[in-house]
Structures are given as structure tokens and as C-alpha cells.
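See below for the structure under consideration.
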Amino acid sequence: MSRINDVGGMVGFPAVIEEPDEPAFHADWEAHVFALNGVMLRRGVYNLDEFRDAIERMPPAEYLASSYYEKWFHAITTLLAEKGIATPEELAGG
Amino acid sequence: MSTTHDDGPLAARVRHVEALLEERGWLADGELDARIDAFAAGGSPANGAAIVARAWVDPGFRERLLADASTAIEELGMSMAAGLQVQPLVAVANTADEHHVVVCTLCSCYPVALLGPSPTWYKSEAYRSRVVRDPRGVLREFGLELPDAVHITVWDASAETRYMVVPRRPEGTDDLSEQELAGLVTRKGLIGTAAV
Amino acid sequence: MADRFAPGDRVRTRTADPPGHTRLPRYARGVCGEIVGTCGRHPLADELAQGLDSAPRAVHQVRFRASDLFGPGEDGRDHAVVVELWEDYLEPTSPDPAPEGDPT
């Protein structure tokens, strides 16, 4: 499906901005999200294509407003709920 | 597009989900830290630089690299098997007539296990949307002005293969050692948004 | 099972917009290109994303002229874009050599 992630050739995005001396992660939580996804993939909770699919299903405005690892965290929690690991309410910590 | 985020609430949510998964046995204590440490010790642009430098000094290696990069890098003690699964690696070499640049328009595919994490700009919608359509313009924004006669090939890493660019060896580097040559190669050079 | 395509073949990409996850970018749909390499056989991402079992099938590197993808560029110069595509996304450009049993 033509989803918001499918941006190749799309017009209107701004100039590419480089960040000098960029660290691997900008915050601890980013590293944790990265590692958490790796563990869930290894455990077979979901596969890589399901993970990509979960990112792609984000509402377009939310996708564009989210940072890279925010998208990842959104996909992880979406899949944890869909796979029955925890309810959305439990994941949200309400 | 902002690089500054209020991390507080998000960091807390991540911690909450981690605790929940630990409680339910989906995550072992210390497992994430071990993975983060392993990741930090794994891929690095230095690997790519060493591959390129070897290709510059050893024509036989260059040939093997361009024919089958996944196998050739094993000569340097490297492997594409470090990630979740073994991904095929393809190396494409710039010449006087041809310049290569790599993107993943659909997400952010990159040889992470070999080269470490990709830069944020590589994952940005700006880069992913524009470089397939106007590579010359995007490269100009990176300060790379290619001669008119140079043809550009953009590689969209849309499936299983991961790509790296072998830049052209700069002029006047005949006296440099392999190690010194590797010091010239940048991460952008390995993606194709810098000359070297 | 024999691969449907080989390097050197001219192919056209599918135009259909599939219902879920796919790895055929929108900009490369319904366009003719040339297979310049083959990168092994892999399960189809579209099926894995739905949690289905998927048999490995050939994935090809297909080279397109940018002018075929986006029209003539503003500066009049062309470039090439190579996209890696599962054979499911590809059709022969000429109907003549099409094998039997290739639905849709």
C-alpha cells in the first residue's frame, strides 16, 4: 500500500541537514529502544517485516512528526499489543 | 524534524515497557545493556574504511570485493553475519565516469553490523525522498559537485542486500600506507555523499 | 523452481497497490527497466509482514532510467536508479515469452 514511509521521489521535503560529530544515539532511551527491538526480533515476538509494517501503519502526520526512534518505539508497542504480550493500557502505564 | 526532543516522558515510557517485559519474562535483567555494549563494539565506519583502503592498494582484492563483497570482507576478518541475519553485501566502485550513492527510500536499510549506525540524515525523509529524483542537487548540498560528464547511479536498498560505495582513491596519495589511506575514508564516502 | 527472469531481461514493474506492506516503492511502479543482477532468493516481505510462511524466490536488481521514473530532469541530465525487487513485482515487457501459470 502507498503509505507515508514510501517517500522516494516525493517533492517538497527540505534540504538535507547534517549533524556534525553525530553520536550513535542521542539519548539513553534511543539505545534502549534499539536494543529492545533486537531482543524482540531474536525472541520471535515479531519479525522484521512486521516491524516495518507497524511503522508504516502510523498515521501520516504522526509519522512525519516523530523522530526515528520514536517511530521504532511506536512500532514495538503496537506489536506488543497486537501479539497479546500486554494490553495498550498496560503498555501506556496508565 | 527537530533534533531536540523533550525526552523525559518518552524515556519514562520506554523504562515502563522494559519493566513490564522483564516482569513477564520477555526480557532478562541486563539483557538490553549487553546488547547495547555488543552493538557499540561491533560495526564501525572504520571497517568500511579498511575495506576501501585494501581495495585501493590491492587490485586483486578490489576485483573480489566488487564480485562478491560478503565473501571478500572475510579476508579482513569481517563478516555480514554479525547482525540478526546474514545479509548480502554489495560494493559498488566509483570511477572517473560513474558515481554511486546509496539510499533506502522505504525505511533505513544500511549495513549496520558492518558500518555501525547510519547518520540521522540518511534516515530522514528529506534524503530518502530527494536523492532518487535529484541526486546531483542533493550531493551539491553535501558540498560534492560532480563534473557534468559523470553519470550517477542511485542504489535503493529496498530488499535484502546492503550496499557500500568504494570511493575513488584521491590523487597524490601514492606514498601513503594502507592505514593512512583508510584514515581518508569517511562514512559519507561509504554512502556516496562525499568524494571519499 | 526456475527463476522467471535473468540478468539482461527487460521487465516492467507491477502497477497494483497491494493491500499491506510491500517493498516495491511507489515511484518504481509500472515502469520498464533492465535486470542488472540477482541477489539470491528470499521470502517475500509482503507475506512475512502478514505473519505468513513465504517460500524464497528470486530478488533482482532492476536498473531504471530516472527519466522513465520521474520524467526529464530539470537540468536535462539523466541518472540511473537501481531498485532491488522480488520477482513477484515484475512482468515481462513483451507478452510473447510470458510463461504459463503467471496469474494477475
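Protein chains get the first letters and strands the later ones, always in sequence-line order, with residue 1 at the start of each. As the structure is a prediction and not an experimental result, all values here were calculated from the model.
- Within the model, atoms CZ of B/R162 and SG of C/C39 stand 11.0 Å from one another, a figure rounded to the nearest 0.5 Å.
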message = Assess the residue pair C/W86 and B/E160 against the criterion (side chain to side chain contact (heavy atoms under 4.5 Å, CB included)); give the C-alpha distance rounded to whole Å, side-chain angles, the decisive distance to 0.1 Å, and a yes or no.
response = CA-CA 10 Å; C/W86 272 267; B/E160 303 298 331; 3.5 Å; yes

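- Summarising the local packing, CZ of B/R64 is surrounded by more than 12 heavy atoms from other residues, nucleotides or ligands at distances under 6.0 Å.
- For the atom pair CZ (C/R63) and CH2 (B/W155), the distance works out to 8.0 Å, reported to the nearest 0.5 Å.
- For a residue to count as touching a neighbouring chain, one of its non-hydrogen atoms must lie under 4.5 Å from one of that chain's; by this rule B/T105 touches chain C with the side chain only.
- Heavy atoms of C/Y27 lying under 4.5 Å from chain B belong exclusively to its side chain.
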message = For a side chain to side chain contact (heavy atoms under 4.5 Å, CB included) check, start with the C-alpha distance between C/V82 and B/D156, then their side-chain angles and the critical distance, and finish with the verdict.
response = CA-CA 6 Å; C/V82 180; B/D156 190 349; over 6 Å; no

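- Across C/V83 and B/S158, no two heavy atoms sit closer than the pair CG1-OG, 3.2 Å.
- Side chain of C/H79 to main chain of B/V132: a donor-acceptor pair is present (N/O by atom type, distance under 3.5 Å, no hydrogens or angles).
- At distances below 3.5 Å, not a single donor-acceptor pair connects side-chain atoms of C/R23 with backbone N or O atoms of B/A159.
- At most 12 non-hydrogen atoms from other residues, nucleotides or ligands lie less than 6.0 angstrom from CD of B/E63.
- Expressed to the nearest 0.5 Å, how far CZ of C/R77 lies from CG of B/L146 amounts to 9.0 Å.
- B/V103 does not touch chain C: none of its heavy atoms, backbone or side chain, sits under 4.5 Å away.
- Scanning all heavy atoms of the two residues, the minimum distance from B/H151 to C/D78 falls at CD2-O, 3.9 Å.
- Interface residue C/V81: backbone and side-chain heavy atoms are both found under 4.5 Å from chain B.
- With hydrogens and angles left out, the side-chain atoms of B/T161 and C/E84 include a donor and acceptor closer than 3.5 Å.
- Within a 6.0 Å sphere centred on CZ of C/R26, heavy atoms belonging to other residues, nucleotides or ligands number more than 12.
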